[in-house]
Colleague: 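Before anything else, here's the structure in question.
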Amino acid sequence: MKLTHYRRTGSVYSVDNGLLKFTVMKARDISEILSDIATLLELKGDNPFKIRAYEQGARIVEGLGDQLEPLVREGRLHEHKGIGPALSEKITELVTTGRLAYYDELRKEFPATIFDLLNIPGLGPKRVRLLYQKLGVRSLGELEYACVENRLLTLDGFGEKSQAKILDGIQQLKRHQGRFLFSDAMEAAEGLIAALRQSPEVIRISLAGSLRRRKETAKDIDLLVSSGSPAAVMARFVALPGVADVIAHGETKSSIRLSSGLQADLRVVSDTEFPYALHHFTGSKEHNTALRGLAKSLGLKMNEYGLFRGEELVPCATEADIFAALGMDEIPPELRENLGEIEAAQARQLPELITESDIQGVFHAHTTESDGRHSLEEMVKAAKALGYRYLGISDHSRSAHYANGLSIERVRAQHNAIDEIQQRHPEITIFKGIESDILADGSLDYPDEVLNSFDFVIASVHSRFGMTEDDMTARVIKAISHPAVTILGHPTGRLLISRDAYPLNLTRVLEAAKAHHVAVELNANPHRLDLDWRFCKDARDRGVRLSINPDAHSTEGLSDTRYGVGVARKGWLKRADVFNTQSADQMRQTLAAKKTR
DNA sequence: GCCGTTTTCGGCCCGACTGTTTTCAGTCG
């Protein structure tokens with residue numbers, strides 16, 4: 001069963017088979033609580049800088065993952081910039097007792113369902129508090145009812161338009177959860193950019209916002225244009241095909257909603273302002289805040305229109321010039337999260353991030369033999385066309401009935417088929433593999449002699465997600481301890497927007513992966529993007545190599561590798577940190593060496 | 001609540017747009 005969240009129930013206990021069990025607080029839970037505290041303080045109208053401190057604390061804790069508990073135990077939390085005595089004490093209380101008195105007190109002031117109201121565009125903490133205190137509105141349902149009854153009109157600062165906009169926002173929220181996959185948002189963004197490029201008034205155009213930073217999900221699309229006639233660009237933007245709704249239409253800034261429900265914002269500036277604005281609208285908010293603070297300490301003022309010394313503009317033609325003016329190397333958009341990139345750029349120690357062309361070949365491809373849409377040879381041809389030097393075929397194993405997993409006889413037949421197709425396509429090396437289910441007890445899905453007949457084995461969890469963390473961790477570690485295993489597949493099992501990761505102690509899994517020379521998959525399927533970018537650095541520091549795998553179920557799916565490269569970049573990975581940047585010859589040796597270990 | 005080669009106290013980034021306002025607060029990024 002699913003973990004019962006503290007934030008919703010006020011309890012760290014969950015009911016499993018009728019028994020009350022203690023649930024260990026994970027960094028993720030603690031991060032959510034700190035984030036909730038920030039929201040509650042906002043609702044109370046507390047000091048904005050205190051709120052920011054809690055938000056920053058939440059992000060730091062999230063990134064720590066399973067390292068959090070040892071840090072607390074060793075009393076070393078405060079070593080992280082942004083965690084001071086108060087946060088350190090509260091995090092320690094959460095880790096050691098599973099509760100936080102301060103949080104419990106704060107929560108008594110507002111019903112938990114009030115958080116939902118903040119997801120409505122145009123509703124922030126101030127107005128939500130007013131709705132709660134004056135109208136007693138506690139939930140989305142109650143708010144909708146209050147709108148229908150025209151009761152919002154009685155409040156100061158609310159009029160007809162606000163009420164209609166809120167009602168519309170509730171409908172939107174009901175239809176989508178307000179988040180979209182990176183791949184879907186990116187596709188829509190590319191369409192908008194191509195359409196706007198047609199416009200003669202557009203000088204420069206770029207993607208900005210979280211999509212440019214390659215966050216795994218997006219709330220909206222941010223676009224930036226430079227032009228001498230902003231009004232004309234705006235008029236064109238709000239009239240583009242596919243626009244369902246115009247949310248805002250100003251002189252330099254407009255927002256539309258596409259028929260998919262996705263919102264897109266366009267900002268237009270002069271061409272001189274473009275680099276400054278591009279940096280500004282790429283964010284993140286936290287990165288910008290930190291960088292502006294730094295600029296200020298250098299006697300400069302930074303905003304979307306420029307970098308100023310007094311009244312005088314510091315001329316910059318590109319983002320790189322801006323970073324140079326601030327005394328640092330250019331920070332790639334993916335790293336702009338205020339998670340150490342500014343300090344690294346100042347020290348000239350930013351990593352040279354991996355690029356798509358560094359990927360020499362890919363593993364994890366399914367064919368019609370299990371649940372893929374294209375045949376073995378079609379997949380091989382497609383991989384060759386993409387310029388890959390090798391392709392690792394890995395259909396599902398025999399226990400995966402739902403996916404037509406391969407019996408031992410069918411494994412042998414596929415190996416013969418690969419030998420035959422290999423002869424017809426000598427330019428690309430086909431590696432024989434399998435995506436073996438990790439069974440509930442941690443064993444693999446075939447006898448050893450069959451496992452040893454593959455060039456590589458990906459071991460993945462596809463069932464029994466409801467285990468305890470200890471059991472799941474033991475299960476995965478047992479699987480990757482098997483000498484035949486080359487790669488741990490989609491390590492946390494999450495599906496973005498729709499399914500949480502299963503409970504797992506990732507630190508212990510990464511340690512085991514290192515010990516047994518197993519690569520960990522960075523599954524590039526846009527629904528997964530698993531391993532999460534937040535944990536890539538940790539894996540790298542432990543000496544674990546990540547394998548960027550498309551998990552392709554069709555020839556088109558092979559191209560998903562690019563999303564994985566995006567995640568790897570966001571996770572600070574270099575070429576050498578990634579398993580499948582090896583040449584075909586190196587890879588053949590690596591796989592052979594693994595088998596004889 | 002955090003932080004400190006100006007500081008252990010007093011700072012902490014900045015501007016556009018909207019709606020409801022006669023001058024601005026709230027929201028958003």
Side-chain angles (χ1 to χ4, degrees), chain A residues 34 37-38 41-43 45-60 77-91 102 117-131 152-166 169 208-213 215 218-224 230 234 246-255 263-269 273 276-308 326 336 338 342:
Chain A
L34 295 178
I37 290 173
L41 292 174
E42 275 197 295
L43 286 169
D46 212 314
N47 178 355
F49 300 107
K50 181 171 163 184
I51 293 163
R52 190 203 287 171
Y54 274 98
E55 282 168 350
Q56 181 69 1
R59 284 151 34 86
I60 294 168
L77 264 183
H78 63 276
E79 287 174 17
H80 282 81
K81 186 163 168 273
I83 300 201
L87 276 173
S88 180
E89 191 179 309
K90 291 187 172 73
I91 294 165
Y102 175 66
L117 304 188
L118 293 166
N119 293 324
I120 298 170
L123 275 194
K126 298 282 192 318
R127 302 178 91 196
V128 165
R129 179 169 56 157
L130 203 62
L131 286 167
L152 266 59
L153 302 182
T154 64
L155 293 178
D156 282 346
F158 285 83
E160 290 276 359
K161 283 200 171 176
S162 320
Q163 184 171 275
K165 209 173 156 187
I166 288 168
S210 65
L211 276 180
R212 183 163 183 245
R213 301 199 315 277
K215 283 289 284 286
K219 197 163 64 68
D220 55 23
I221 296 169
D222 292 296
L223 299 174
L224 181 71
M234 283 303 168
V246 178
I247 300 163
H249 184 175
E251 283 178 32
T252 64
K253 185 181 165 187
S254 294
S255 294
Q263 187 179 316
D265 301 337
L266 173 67
R267 189 68 183 254
V268 182
V269 296
E273 292 161 344
Y276 311 99
L278 180 58
H279 176 267
H280 177 87
F281 291 110
T282 296
S284 63
K285 193 177 64 180
E286 293 82 0
H287 168 90
N288 286 354
T289 302
L291 211 59
R292 286 209 202 92
L294 181 73
K296 196 169 173 177
S297 73
L298 297 172
L300 299 165
K301 191 179 77 157
M302 197 175 174
N303 61 29
E304 61 256 60
Y305 301 115
L307 185 63
F308 301 94
L326 294 171
R336 301 181 196 167
N338 194 26
I342 293 174

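The sequence lines fix the lettering, A, B, ..., with proteins before strands; numbering per chain opens at 1.
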Colleague: Within the structure shown, what part of the strands sits under 4.0 Å from A:L34 by heavy-atom distance: base, sugar-phosphate, or nothing?
Modeller: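 Contact class for A:L34: none.
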Colleague: In whole Å, I'd like the distance from the CD1 atom of A:I51 to the P atom of B:dC12.
Modeller: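 One finds 17 Å between P of B:dC12 and CD1 of A:I51, rounded.
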Colleague: Think A:T289 has a side-chain N or O under 4.0 angstrom from the OP1 or OP2 of B:dC14?
Modeller: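 Answer no for this pair, as no side-chain N or O of A:T289 is under 4.0 Å from OP1 or OP2.
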Colleague: Would you mind reading off the distance between A:L291 atom CG and B:dG29 atom P, rounded to a whole angstrom?
Modeller: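 Answer to the nearest Å: 20 Å.
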Colleague: Is A:K296 close enough to B:dC12 that one of its side-chain N or O atoms is under 4.0 Å from OP1 or OP2 there?
Modeller: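 Answer is yes, contact under 4.0 Å.
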Colleague: Which one, B:dC17, B:dC3, B:dG26, comes nearest to the side chain of A:R127?
Modeller: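 Looking only at side-chain atoms, A:R127 lies closest to B:dG26.
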Colleague: In whole Å, what separates the P atom of B:dG11 from that of B:dT7?
Modeller: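 These two P atoms come out 14 Å apart once rounded.
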Colleague: From CD1 of A:I221 over to P of B:dC28, roughly how many Å is that when rounded to an integer?
Modeller: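 Spelled out: CD1 on A:I221 to P on B:dC28 is 19 Å.
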Colleague: Within less than 4.0 Å of OP1 or OP2 of B:dG15, is there a side-chain N or O belonging to A:K285?
Modeller: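 A:K285 to B:dG15 OP1/OP2: no side-chain N or O under 4.0 Å.
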Colleague: Rounded to whole Å, please give me the gap between NZ in A:K165 and C1' in B:dT20.
Modeller: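 Between C1' of B:dT20 and NZ of A:K165: 13 Å.
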Colleague: Taking atom P in both B:dA25 and B:dT21, what distance in whole Å separates the two?
Modeller: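 Per the computed distance, 14 Å lies between those P atoms.
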Colleague: Contact class for A:R267 vs. all strands (heavy atom < 4.0 Å): base, sugar-phosphate, or nothing?
Modeller: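 The residue A:R267 makes sugar-phosphate contact but no base contact.
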Colleague: Please state whether the phosphate of B:dG29, meaning OP1 or OP2, lies under 4.0 angstrom from any side-chain nitrogen or oxygen of A:K219.
Modeller: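 A:K219 to B:dG29 OP1/OP2: side-chain N or O found under 4.0 Å.
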Colleague: Please determine, for the side chain of A:K126, which listed nucleotide (B:dA16, B:dC3, B:dG26) has the closest atom?
Modeller: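 So the side chain of A:K126 is nearest to B:dG26.
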Colleague: Rounded to whole angstrom, note down the C1' distance from B:dT20 over to B:dT27.
Modeller: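 The answer is 14 Å between these two C1' atoms.
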Colleague: Please work out if A:Q56 contacts a base, only the sugar-phosphate, or nothing of the nucleic acid, heavy-atom cut-off 4.0 Å.
Modeller: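 The answer is nothing, as A:Q56 stays clear of every strand by at least 4.0 Å.
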Colleague: Does a donor on one side chain sit under 3.5 Å from an acceptor on the other, for A:T282 and A:R212?
Modeller: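 There is such a pair (donor and acceptor under 3.5 Å, judged by atom type) between the side chains of A:T282 and A:R212.
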Colleague: How long is the line joining CG of A:L155 and C1' of B:dT21, in whole Å?
Modeller: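 Result: 16 Å.
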Colleague: Rounded to whole angstrom units, what separation is found between the NE2 atom of A:H280 and the C1' atom of B:dC14?
Modeller: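 Nearest whole value for this atom pair: 7 Å.
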Colleague: If you measure from the C1' atom in B:dC17 to the same atom in B:dT23, how many Å do you get, rounded?
Modeller: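 Pairwise C1' distance, B:dC17 against B:dT23, rounds to 16 Å.
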Colleague: Which whole number of Å gives the distance between the C1' atom of B:dC14 and that of B:dT8?
Modeller: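 Between the two C1' atoms, the distance is 28 Å.
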Colleague: Do A:N47 and B:dG1 share a donor-acceptor pair, side chain to base, under 3.5 Å?
Modeller: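 Side chain to base: pair found, below 3.5 Å.
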Colleague: Can you tell me the distance, in whole Å, between the CG atom of A:L294 and the P atom of B:dC2?
Modeller: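 My rounded result for the distance is 21 Å.
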Colleague: Taking atom P of B:dC12 as reference, at what distance in whole Å does atom OH of A:Y54 sit?
Modeller: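 Rounded to whole Å, this separation is 22 Å.
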Colleague: Roughly how many Å apart are B:dC12 and B:dT6, using the P atom of each and rounding to a whole number?
Modeller: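 It comes out at 16 Å once rounded to the nearest Å.
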Colleague: May I ask you to test the A:D265-A:K253 pair for a side-chain heavy-atom distance under 4.5 Å?
Modeller: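 A side-chain contact is absent here, since even the closest heavy-atom pair is not under 4.5 Å.
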Colleague: Less than 4.5 Å apart, any side-chain heavy atom of A:E42 and any of A:V128?
Modeller: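 Result no, sub-4.5 Å side-chain heavy-atom pair not found.
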Colleague: Are A:E304 and A:R267 within salt-bridge range, i.e. N to O under 4.0 Å?
Modeller: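 Yes, A:E304 and A:R267 are salt-bridged.
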Colleague: Watson-Crick or G-U wobble partner for B:dG4, using a 3.5 Å limit on both distances?
Modeller: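 For B:dG4, the partner nucleotide comes out as B:dC9, under the 3.5 Å rule.
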